[in-house]
2 protein chains.
Amino acid sequence: MSDQVEAAMRSEAPQMRADKHVSLQTVERLSAYRRVLEELDRDGVEYIHSQQFAGLVGVTPAQLRRDLSSFGTFGNISRGYNVYQMGRTMSRIMGTDSTQSVALFGVGDLGRALLSYRGFEERGFHIAVAFDVDQDKVGRVFAGRRCYALEELATVLPEYEVRMAVLASRPEGLQALADRVAAAGVHAILNFVPKRVTPPEGCFVENTDISAKLEKLSFLAHAQATV
Amino acid sequence: MSDQVEAAMRSEAPQMRADKHVSLQTVERLSAYRRVLEELDRDGVEYIHSQQFAGLVGVTPAQLRRDLSSFGTFGNISRGYNVYQMGRTMSRIMGTDSTQSVALFGVGDLGRALLSYRGFEERGFHIAVAFDVDQDKVGRVFAGRRCYALEELATVLPEYEVRMAVLASRPEGLQALADRVAAAGVHAILNFVPKRVTPPEGCFVENTDISAKLEKLSFLAHAQATV
DNA sequence: GCCTCACTGTGAATAGAATCACAGTTGCAG
DNA sequence: CTGCAACTGTGATTCTATTCACAGTGAGGC
Ligand SMILES: NC(=O)c1ccc[n+]([C@@H]2O[C@H](COP(=O)([O-])OP(=O)(O)OC[C@H]3O[C@@H](n4cnc5c(N)ncnc54)[C@H](O)[C@@H]3O)[C@@H](O)[C@H]2O)c1
Ligand SMILES: NC(=O)c1ccc[n+]([C@@H]2O[C@H](COP(=O)([O-])OP(=O)(O)OC[C@H]3O[C@@H](n4cnc5c(N)ncnc54)[C@H](O)[C@@H]3O)[C@@H](O)[C@H]2O)c1
């Protein structure tokens, strides 16, 4: 093997780590890293140092390096990080390097907005199918995606190879819905319904409570006003 | 003052604290606490202990007590917490005991879903007005709310006494938009656009990145699969 | 080929959040 | 009125995340 090839391998191929513990907070920053890497790649940047990279993402360089180090070693000491290479690696780590099918539950106002959103495809997610309890909606096609009745869940989900689910239904029966979805083989649920869901066995649940965000902001704005 | 009255005051009136430091994580749990208190109140529960309360919210009793203690003392040692009283106090702490006006920027699919959502009013927020750059949308009324051109921002926001803003526009010019909004007197921004915003001076920014949530879930589901 | 410079990856130190554990209180039973 | 049982609020502790700081390294200049 020539020195060039060897050197290239050393500097280009990230040493991924089949590692132990990765903090949840690190995971949350990962998508921000990937987004910045994508922009840099579009701008034709080949290498970037932790200092500038961190500046673009809005974290400290130390934190960036620490986060990355929990997945392996990526950086070339003098040149910094290879933008393209590392973007690919991030996608691989997050499992978004190939498109995954997602199912939507609840084709209301929010559900339809999600269905017509293009951004998910760019990030490796495809809402392949929708479900609703409303008989007026079942059988119809929304933004190209068919809406099924909840009863068809167990047969339809495997058919579309659905790995993740988004809940935009109603608070009533939310836990039961989550349990059914998990039982049908879904291992990750994104929940928009403002009600607590106890994660079913073997299934991750992530909540997005928009009102809660507003409340947090309200508190902060208020608190500052009184200081 | 009779003993009864004195006892009642001691047990019912929360001792609020004009306190020092409140952790951000505590603030985020506050809305969950309030939601549960509301449900309990609807169910006619008068008092509840930290143990059961924590169970309903999904935190440990110790954490609940610690969180509450950073705002003052609420609990009656033997009877627990007064559900109604504490619900009111939570609202007051978060500044949601009276309705606040919110402005929406970007009347696209997501913006319209937010406009027709009833849940915000229940939580003390009222989207009073909308803005868009699209001339087809300016002047129209969406779910009862008028859509203005961005240029009218400086005059319209004070008119509606807007305290907070929601951004559901596009990535282009996002920072400039945030800066303008903040300059018009808004101190808190909820941003749905997947692009980093540097908080303008004196303004809090909270981001909700739905794709990032999916990416996090994808990572978790993947990671578990390989364990 | 060697030297220099500035960068990464990571132990050590610090800051911060969650949990433990209990002193002190209070409602209530008798 | 007294004693008991059980709860809160909080100091002390543990656990986790972030930042510091530097040894070791590689690219590029000469
Ligand atoms: N619209 C928003 O902007 C917004 C904002 C924050 C939170 N949310 C939450 O997101 C959820 C959806 O909001 P929305 O405005 O689209 O509500 P919506 O009432 O317009 O739509 C809900 C849809 O879910 C369906 N549904 C009800 N139970 C179901 C079940 N068990 N399985 C499948 N489908 C079911 C209904 O038939 C309806 O079509 C609500 O829980 C709401 O609180 C919405
Ligand atoms: N729709 C979704 O489900 C979804 C999900 C996640 C994130 N988002 C993000 O939310 C934002 C809105 O999504 P959408 O689907 O409604 O997009 P959209 O393209 O349907 O609507 C965007 C609206 O914002 C307006 N706009 C653009 N620039 C503006 C500005 N500077 N000031 C005011 N208005 C402006 C446009 O005219 C348009 O009406 C996007 O940035 C998108 O990435 C949307």
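Each chain gets a letter, A, B and so on, in the order its sequence line appears, and its residues count up from 1. Just so you know, these numbers come straight off a predicted model, no measurement behind them.
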- Applied to residues 95-104 of chain B, the side chain to side chain donor-acceptor pair (under 3.5 Å) test, sequence neighbours excluded, yields S218(A)-Q100(B)

- Atom CG of L64(B) to atom C1' of dT10(D): distance rounded to whole Å? 14 Å

- Atom CG of N82(A) and atom C1' of dG26(D): how far apart are they, to the nearest Å? 16 Å

- Message: Rounded to whole Å, how long is the line connecting atom CE of M86(B) with atom C1' of dT8(D)?
- Response: 12 Å

- Give the B/S/- string for nucleotides 2-14 of chain C, one per nucleotide from 5' to 3', where a protein heavy atom under 4.0 Å of the base yields B, of only the sugar-phosphate yields S, and otherwise -. -----BBBBBB--

- Is it the case that Y117(A) and D109(B) place a side-chain donor and acceptor less than 3.5 Å from each other? no

- Task: Take the protein atom CG of D67(A) and the nucleotide atom P of dT16(D), then report the distance between them rounded to whole Å.
- Result: 17 Å

- Respond yes when some side-chain nitrogen or oxygen of S23(A) is under 4.0 Å from OP1 or OP2 of dA17(D), and no when none is. yes

- Y47(A) OH to dG28(D) C1': how many Å, rounded? 14 Å

- Taking the six-membered ring for Trp and the single ring otherwise, decide whether the centroids of F74(A) and Y81(A) are under 6.0 Å apart. no

- Geometric class of the F71(A)/F219(B) ring pair [parallel <30°, tilted 30-60°, perpendicular >60°]: perpendicular

- Polar side chain donor-acceptor pair, Q63(A) to D67(A), under 3.5 angstrom: no

- To the nearest angstrom, how far is F53(B) atom CZ from dT8(D) atom P? 11 Å

- Query: Expressed in angstrom and rounded to an integer, what is the separation of E28(B) atom CD from dA18(C) atom C1'?
  - Reply: 15 Å

- Whole angstrom is fine here: how far is it from CD in Q63(B) over to P in dT16(D)? 14 Å

- Message: Set out, in order, the CA-CA distance, both residues' side-chain angles and the distance that settles side chain to side chain contact (heavy atoms under 4.5 Å, CB included) for N82(A) and N76(A), then state yes or no.
- Response: CA-CA 8 Å; N82(A) 180 312; N76(A) 175 305; over 6 Å; no

